[in-house]
Structure formats: structure tokens, C-alpha cells
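Keep in mind the model is a prediction, meaning the values are calculated, not measured.
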Amino acid sequence: MKALEVLHNRVSVPSLEAPAPEGEVLLNIQRAALRAADHRLLQPWRFLVIEGEGLDRLGELFVQSKTNPNEPMSEAERASWAAKPHRAPMIIVAIASIHDDPKVPEVEQLISTGCAVQNMLNAAHAQGIGAMWRTGDFAYNEVVKTGLGLAENEQIVGFLYLGTPKGRLKPVPAVSPDQFFTAW
């Protein structure tokens with residue numbers, strides 16, 4: 001796919017199945033992340049690739065994060081939380097590793113990591129891989145962050161779900177740039 005075609009037509013794909021990207025396809029996705037805008041070349045990111053049994057372990061972290069001793073969880077709720085990571089055969093957890101730098105504030109480093117995720121979304125789409133960027137409560141939950149081994153200076157920017165699209169891609173919404181761009 002040509003670059004502009006990818007940028008103009010990428011859509012999120014919430015319904016994914018095996019196989020997950022592998023080999024050169026996965027490497028292309030990973031390399032795209034590393035080309036994100038990055039003030040002073042800090043590379044303020046790291047990524048965890050989760051698949052197979054790792055998805056089960058992540059599901060258990062999700063369950064633990066929702067466990068409240070004052071409100072028992074039903075088996076159905078437990079199963080639902082544990083199944084969340086299995087919405088795709090692979091998840092890449094994007095982690096912003098914030099550097100103490102006088103010229104690059106934390107917000108720029110978070111945005112840079114977000115740009116890395118966007119690059120991965122585009123690289124996945126360009127290769128026919130379905131992708132969905134999710135955050136939600138889990139990205140900010142201390143149980144999940146500790147379980148994934150995050151340091152004090154790190155934050156989860158998102159969970160990138162990757163796999164083969166189930167069914168057809170949803171249509172690209174018709175949005176005019178005129179709605180968002182004005183001369184000043």
C-alpha cells in the first residue's frame with residue numbers, strides 16, 4: 001500500500017483472530033514504532049509483546065486489578081475480565097519511559113510514545129494486519145502496572161491488539177478537513 005493510502009484509510013479493527021503478525025511483518029511494525037517523532041532522540045519508550053500463555057497471565061492481572069474484598073466478584077465477571085486479552089492473538093503494551101531531561105518535558109515523551117503506537121497502527125494496516133489501540137482503566141491501574149514490571153518513571157500509553165481481521169473492515173468515516181483546519 002502507498003503511504004498516503006494507508007494514512008487516509010486506516011481504521012481500528014476490534015474483531016481479531018489468529019494468526020498474529022510474525023517474522024518480517026512483525027519486524028516492520030516494530031521498526032515503524034522506532035521512527036516516531038522523538039525530541040532529542042530520547043527513545044522514551046519500551047514495548048512488551050504478549051501472546052500465548054502471556055495473554056492468560058495478563059487476564060489474571062486484569063482480574064486481580066478488579067478484585068475488591070468488599071465486593072465479591074461473580075464467576076461470570078471473573079471470566080469476562082480474564083478473557084479481555086484474548087480479543088487478539090497478540091498485544092503489544094506501549095510503555096512511556098520518562099527521562100529526566102530539562103529540554104523535553106514529560107508530556108512530550110508521552111506524546112512521542114503515542115506517536116510510536118500510531119506508527120505501529122499504520123504499519124499493521126499497510127500489511128493487512130488488524131489493529132486496535134485500547135487503554136481504559138487497566139492502563140492506569142497499579143496492580144497491572146506492577147504486574148507488568150513498570151518502573152516509577154513509566155506509564156502505559158496503550159495496549160495494541162494485533163491479529164487477522166475477522167470479517168470486513170468498517171468503512172472509513174467521511175470527515176472533511178474543513179471541519180478542523182482554519183486559517184489564522
Side-chain angles (χ1 to χ4, degrees), residues 12-14 16 18 20-22 25-71 73 77-125 129-163:
S12 295
V13 184
L16 302 165
E22 59 184 10
V25 171
L26 180 57
L27 186 58
N28 287 336
I29 293 168
Q30 294 169 337
R31 291 164 100 183
L34 305 179
R35 297 306 313 140
D38 177 14
H39 187 183
R40 290 180 44 102
L41 302 176
L42 294 180
Q43 299 176 325
W45 49 61
R46 70 184 181 93
F47 306 94
L48 301 175
V49 179
I50 302 175
E51 53 188 330
E53 290 180 14
L55 296 172
D56 296 331
R57 292 195 318 269
L58 183 59
E60 282 305 310
L61 273 179
F62 287 179
V63 169
Q64 289 173 25
S65 77
K66 294 295 184 179
T67 300
N68 179 344
N70 299 324
E71 296 178 27
M73 186 182 301
E77 289 172 312
R78 186 184 202 304
S80 175
W81 294 122
K84 296 289 184 200
H86 290 278
R87 295 181 281 195
M90 175 185 285
I91 298 174
I92 296 178
V93 184
I95 301 166
S97 296
I98 307 302
H99 299 266
D100 187 18
D101 188 291
K103 294 186 178 182
V104 186
E106 180 177 330
V107 67
E108 284 188 32
Q109 296 178 55
L110 287 167
I111 291 169
S112 183
T113 305
C115 290
V117 176
Q118 185 66 44
N119 280 1
M120 287 190 285
L121 284 166
N122 288 330
H125 179 71
I129 301 297
M132 182 79 177
W133 180 351
R134 297 179 188 272
T135 51
D137 294 344
F138 297 124
Y140 312 106
N141 185 281
E142 290 304 319
V143 171
V144 174
K145 289 165 46 174
T146 299
L148 291 174
L150 271 69
E152 285 290 319
N153 67 320
E154 294 183 322
Q155 297 178 45
I156 295 172
V157 170
F159 299 92
L160 182 59
Y161 285 66
L162 295 165

Could you measure the distance from the [atom1] atom of [X] to the [atom2] atom of [Y]? Nearest 0.5 Å is fine.
X: Ile91; Y: Leu162; atom1: CD1; atom2: CG; result: 9.0 Å
X: Leu34; Y: Gln43; atom1: CG; atom2: CD; result: 7.0 Å
X: Thr113; Y: Glu154; atom1: OG1; atom2: CD; result: 10.0 Å
X: Lys145; Y: Gln155; atom1: NZ; atom2: CD; result: 6.0 Å

Spell out, as yes or no, whether a donor-acceptor pair under 3.5 Å connects the side chain of [X] to the backbone of [Y].
X: Asn153; Y: Ser97; answer: no
X: Asn119; Y: Ala33; answer: no
X: Arg35; Y: Ala32; answer: no
X: Ser112; Y: Ala37; answer: yes

Original post:
Taking the inter-plane angle between the rings of Phe62 and Phe138 on a 0 to 90° scale, is it parallel (under 30°), tilted (30 to 60°) or perpendicular (over 60°)?
Top reply: parallel
Subject >> Side chains of Arg134 and Leu160 in contact at under 4.5 Å (non-hydrogen atoms) >> reply: no
Original post:
Going through the checks in order, is the side-chain hydrogen bond (donor to acceptor under 3.5 Å, both in side chains) test met by Asp101 and His39?
Top reply: CA-CA 10 Å; Asp101 188 291; His39 187 183; over 6 Å; no
Original post:
CG of Asp100: more than 12 outside heavy atoms within 6.0 angstrom?
Top reply: no
Original post:
Do NZ/NE/NH1/NH2 and the carboxylate oxygens of Lys103 and Glu108 come within less than 4.0 Å?
Top reply: no
